[in-house]
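Let me begin by presenting the structure, written as structure tokens, before commenting on it.
A, B, ... follow the sequence lines: proteins, then strands. Residue 1 opens every chain.
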Amino acid sequence: MPELPEVENIVRELKQKTMGLTFRRISILHEEISKTPRQTMGKKIPQRKIISLSRRGKYIRFGLNEENTLWFHLGMTGQLVWRDETVKDPHLHVVMEFLEIPQKLVFRDIRKFGEMFLTNGNLESLPEGVRRLGPEPFEISEKTFIETFRQRSGRIKSLLLNQRILAGLGNIYADESLHRAGIDPRRRPNRLKSGRLKQLYQSIRETLEEAIKLGGSSIDDYIHSDGSRGFFQNFHRVYGRFGLECVVCKTAIRKIKLAGRSASFCPQCQT
DNA sequence: GAAGGCCTGGAA
DNA sequence: TTCCAGGCCTTC
């Protein structure tokens, strides 16, 4: 569930506490979660300093000295949280310890859709999923956005979920952006006027911006590192509002299946 | 470009 | 007991 706004919040929080820290040890409790072998991690991580922290799509990047980067993808239920003591926890996969502070940063993930890996400066060390990531919603120009979508014939909602086309949107923010833009999720962008794609471009940016400001959406497992919740779920217009009134026109929100995923929309406002 | 699979907990 | 949620990948 963590999508771009949630990941952005996580990165901002982690930045305050982890910049400049030096890894003492990394313990991998369940090897499946780490795409990089445990031994490599154990060899390359300790004694390295965290010199940068950033987000790319839904990925979190810890920039380490000597060109290594430690990546996390939280999948649906992944969390990077602080622990004073590691109590027994079947969903705990990675424990990171530092030289400067006693607290441990842990990676826990109930559904195990998340992953962790280490890359060096070489392009070849990047997994396919990262290498083929599309542009960031806040970096792509309006012109490029419109051109990209105008030549696509798939359902607009499915395309928005495709990380190779645009990085960072998941089901929540794809649905929310489409409602804000007044576009039916089943529409095919190559048959939309460019003015409507322009509207979508703006809507995506506005939706993400507001969500980031409000601390993301706390639906299932997402909470801030201090345990507090995001607020954007209170402002969802369609996601999770099946059967409820559209906040704009009071029509009942519909929910359909699109390419195996649920899509919620207002049949009146979104055409 | 659609459909199934991985994974788990919570709801029906 | 079965179904559903969805991150992303693989297969058709």
Boundaries of the DNA chain C segment in contact with chain A, non-hydrogen, under 4.0 Å:
dA5(C) to dC9(C)
So what does Gly260(A) touch, heavy atoms closer than 4.0 Å: a base, only the sugar-phosphate, or nothing?
nothing
Okay, side chain of Lys58(A), backbone of Leu169(A): is any donor-acceptor separation there less than 3.5 Å?
yes
Between P on dT8(B) and NZ on Lys112(A), what's the gap in Å once rounded to a whole number?
4 Å
Just the rounded figure in Å: distance from P of dG1(B) to CG of Leu159(A).
7 Å
So Tyr239(A), base contact, sugar-phosphate only, or nothing? Heavy-atom distance under 4.0 Å.
sugar-phosphate
So, are Lys17(A) and Glu13(A) salt-bridged, with charged N and O less than 4.0 Å apart?
no
Quick one: label Glu128(A) by what it contacts on the DNA or RNA (base, sugar-phosphate, nothing), any heavy atom closer than 4.0 Å.
nothing
Is Ser262(A) touching bases, backbone alone, or none of the nucleic acid, heavy atoms closer than 4.0 Å?
sugar-phosphate
The side chain to side chain contact (heavy atoms under 4.5 Å, CB included) partner of Cys246(A) among Gln270(A), Arg237(A), His179(A) is His179(A)
Have Ser217(A) and Tyr239(A) got a donor and an acceptor in their side chains that come within less than 3.5 Å?
no
In short, Val7(A) meets Gly57(A) closest at the heavy-atom pair CG1-O, 4.5 Å
Sub-3.5 Å pairs of nitrogen or oxygen atoms, protein against nucleotides 9-12 of chain B:
| from | atom 1 | to | atom 2 | distance (Å) |
| --- | --- | --- | --- | --- |
| dG9(B) | OP1 | His91(A) | NE2 | 3.2 |

Using a distance-only test with no angle check, is there a side-chain donor-acceptor pair under 3.5 angstrom linking Arg180(A) and Thr207(A)?
yes
Check against side-chain contact (heavy atoms from CB on, under 4.5 Å), Phe235(A) and Val247(A)
CA-CA 10 Å; Phe235(A) 298 91; Val247(A) 293; over 6 Å; no
Aromatic contact between Phe72(A) and Tyr59(A), with the criterion being ring centroids under 6.0 Å apart: yes or no?
no
